[in-house]
Amino acid sequence: MNQAIKRLLQNPVSFLTSVSADGIAISSRIRLSRNIAGLPFPIAATAESAAGVINELAPVCSRSAFVGEKKGMFFEIGKLDELERLLLLERRLASSELIKSKLPSALAVSNDESCSVMINEEDHLRIQVLKAGFDLAGCWQKINKLESELGKETEFAWDDELGYLTECPTNVGTGMRASVMLHLPGLVMTDQINATIHGIRKLGLAVRGIYGEGSDNSGKLFQVSNQITLGENEETIMEQLSAVIRQLIEYERRARRALLEKDRFALLDHVGRSFGLLQNSYKLSCAEAVEALSGVRFGVDLGLFQHLKIDTVNELFLELNPGHLQMRSSLALPESEQAVLRAKLFRTKLRERA
Amino acid sequence: MLCDICKKREATIHIKEVKNGKCVSTNLCTECAKEKELAGGLGAFGFNLAEVIFNVGKMSEADKKADASEDKNNKEVREKESSLICPECGWNLAKMRRSGGKLGCSRCYTVFAKWVSMAVEQVQRSSVHVGKRPEKCGRSANAVKLEMDKLQLELASAVSAEEYERAAQLRDRINALKAEAAALQDATGEK
């Protein structure tokens with residue numbers, strides 16, 4: 001196994017385990033797209049020019065105070081096997097586009113996994129900062145420094161009118177996508193979620209499942225992000241997004257109160273059954289586990305479990321994924337055996353805490 | 001009035017939307033409106049970037065018929081456009097279409113400026129960047145002016161809402177921008 005991957009497996013994920021007071025907003029993320037001036041974007045790159053991009057950026061990353069040699073890890077994607085790549089994806093350090101890339105691509109990660117720099121994804125650089133809870137301002141503060149640091153040693157593709165130039169004009173300008181991951185079981189259970197999503201989209205924001213583009217709302221988890229990248233500065237974009245998130249959290253709280261008052265037994269039943277399923281199963285599919293864990297998380301957040309902490313639940317959201325399960329057993333397993341392993345993971349973890 | 005998408009047929013559907021306080025009007029012919037509807041509805045969200053470029057680059061059956069009767073001048077322009085190639089990376093409209101509107105390099109933004117600005121108009125708030133800049137690049141006079149205009153508006157609303165503290169902060173920022181604009185003017189004047 002790759003040494004750095006081994007380190008990752010033992011690493012507690014900072015954006016999941018350092019818990020914010022709020023159980024609704026799980027994590028916040030900002031990413032910036034940048035390209036090196038004078039080189040073709042990845043979509044038009046040759047293997048040679050792409051390798052040139054890595055050669056230019058690898059030393060810049062290694063000197064970084066955030067993701068540099070002393071502070072982090074560096075991966076050449078081509079040298080990793082399929083499971084190792086999956087692990088990076090599940091930890092949200094790499095995108096599926098990066099791990100599937102046919103070009104030479106790479107990834108630099110800070111030790112606490114809060115910062116990562118993807119090289120030769122859709123753009124030469126995709127810089128990302130993840131933080132626990134609802135903390136876009138904290139993400140921006142950090143990524144702003146990290147970006148400036150990288151920009152001191154590299155000339156980014158830039159146009160006076162259009163700002164930072166990106167492979168896709170939907171990212172041009174700030175190149176910034178800010179998003180917050182939310183757990184919204186209250187809005188789902190009171191049937192308000194579709195109307196809410198519709199409303200958010202009308203405001204020009206995007207709502208997606210946790211696994212990004214095209215994924216559904218499994219686990220009642222949603223990612224809300226900005227769409228516009230040009231014509232407003234970063235602070236304004238974040239403020240507009242934050243205003244919507246704050247409102248969304250308030251709606252979720254209201255829905256939870258309504259459930260507790262009017263439909264208490266339906267709520268308790270949902271949480272109890274979810275817990276029972278996870279505690280007593282001998283085979284669990286990924287989708288089944290995510291749904292049930294979402295129910296348990298809801299219960300934990302409402303204070304229905306005394307010994308189960310929300311960071312344990314957050315961690316289980318990561319551990320139940322196929323890449324993590326298989327890496328922990330150091331074996332590539334067929335799905336049916338993964339299901340057995342997953343059920344065992346939950347039986348053990350929930351017995352410990354129940 | 002001609003349709004905003006095909007720019008050929010008479011527009012029969014007129015949509016007015018308020019985006020960020022500004023009134024934006026869209027004028028479509030029945031055919032294009034129908035296509036847009038199928039692609040996920042009208043309105044800001046159902047809109048797909050690739051579609052704008054599709055509609056320009058791809059010739060539908062209707063386009064081909066129209067093309068046959070089109071005068072020679074227009075046809076030449078069209079042919080010239082479809083053979084447009086970025087000298088830097090070899091990108092062309094066909095590749096752009098296939099990739100859903102992506103570009104091959106920085107130079108493409110100039111070569112395919114017409115399509116880029118159409119895409120930008122549809123998905124972005126304005127066509128001028130106002131956020132973070134590389135340290136090495138100063139701000140363009142246009143960007144300074146744009147930010148100044150925006151702050152002036154904010155200032156007016158702050159004053160009418162009697163938020164004097166905020167108004168004072170805004171006034172200071174506007175004054176700083178004025179100084180920056182003057183310095184920029186001097187610099188370009190010297191050149």
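The sequence lines fix the lettering, A, B, ..., with proteins before strands; numbering per chain opens at 1.
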Novice: Tell me which of these, B:K150, B:R107, B:E88, has more heavy-atom pairs under 4.5 Å with chain A than the rest.
Specialist: B:K150
Novice: Is it the backbone or the side chain of A:S148 that comes under 4.5 Å from a heavy atom of chain B, or both, or neither?
Specialist: both
Novice: For B:K95, is it the side chain, the backbone, both or neither that has a heavy atom under 4.5 Å from a heavy atom of chain A?
Specialist: neither
Novice: Contact between A:V172 and A:L165 at the side-chain level, heavy atoms closer than 4.5 Å - yes or no?
Specialist: yes
Novice: Is a salt bridge present between A:E239 and A:R246, judged by a nitrogen-to-oxygen distance below 4.0 Å?
Specialist: yes
Novice: Given a strict heavy-atom distance threshold of 4.5 Å, which part of A:E122 is in contact with chain B: side chain, backbone, both, or neither?
Specialist: side chain
Novice: Do side-chain atoms of A:R85 reach the backbone of A:I77 as a donor and acceptor pair under 3.5 angstrom?
Specialist: yes
Novice: Looking at chain B, which one of A:A45, A:P40, A:G38 has the largest number of heavy-atom pairs inside 4.5 Å, strictly under?
Specialist: A:P40
Novice: Between A:T174 and A:E234, do the side chains contain a donor N or O and an acceptor N or O under 3.5 Å apart?
Specialist: no
Novice: Do B:V111 and B:W91 come within less than 4.5 Å of each other through their side chains, counting heavy atoms only?
Specialist: no
Novice: Looking at A:R126 and A:E97, is there a salt bridge between them, counting it only when a charged N and a carboxylate O are closer than 4.0 Å?
Specialist: no
Novice: Given the options A:T46, A:N35, A:N144, which has more heavy-atom pairs under 4.5 Å with chain B than any of the others?
Specialist: A:N144
Novice: Just give me the residue among A:T166, A:D159, A:L39 that pairs up with chain B most often, heavy atom to heavy atom, under 4.5 Å.
Specialist: A:T166
Novice: What part of A:N171 lies closer than 4.5 angstrom to a heavy atom of chain B: side chain, backbone, both or neither?
Specialist: backbone
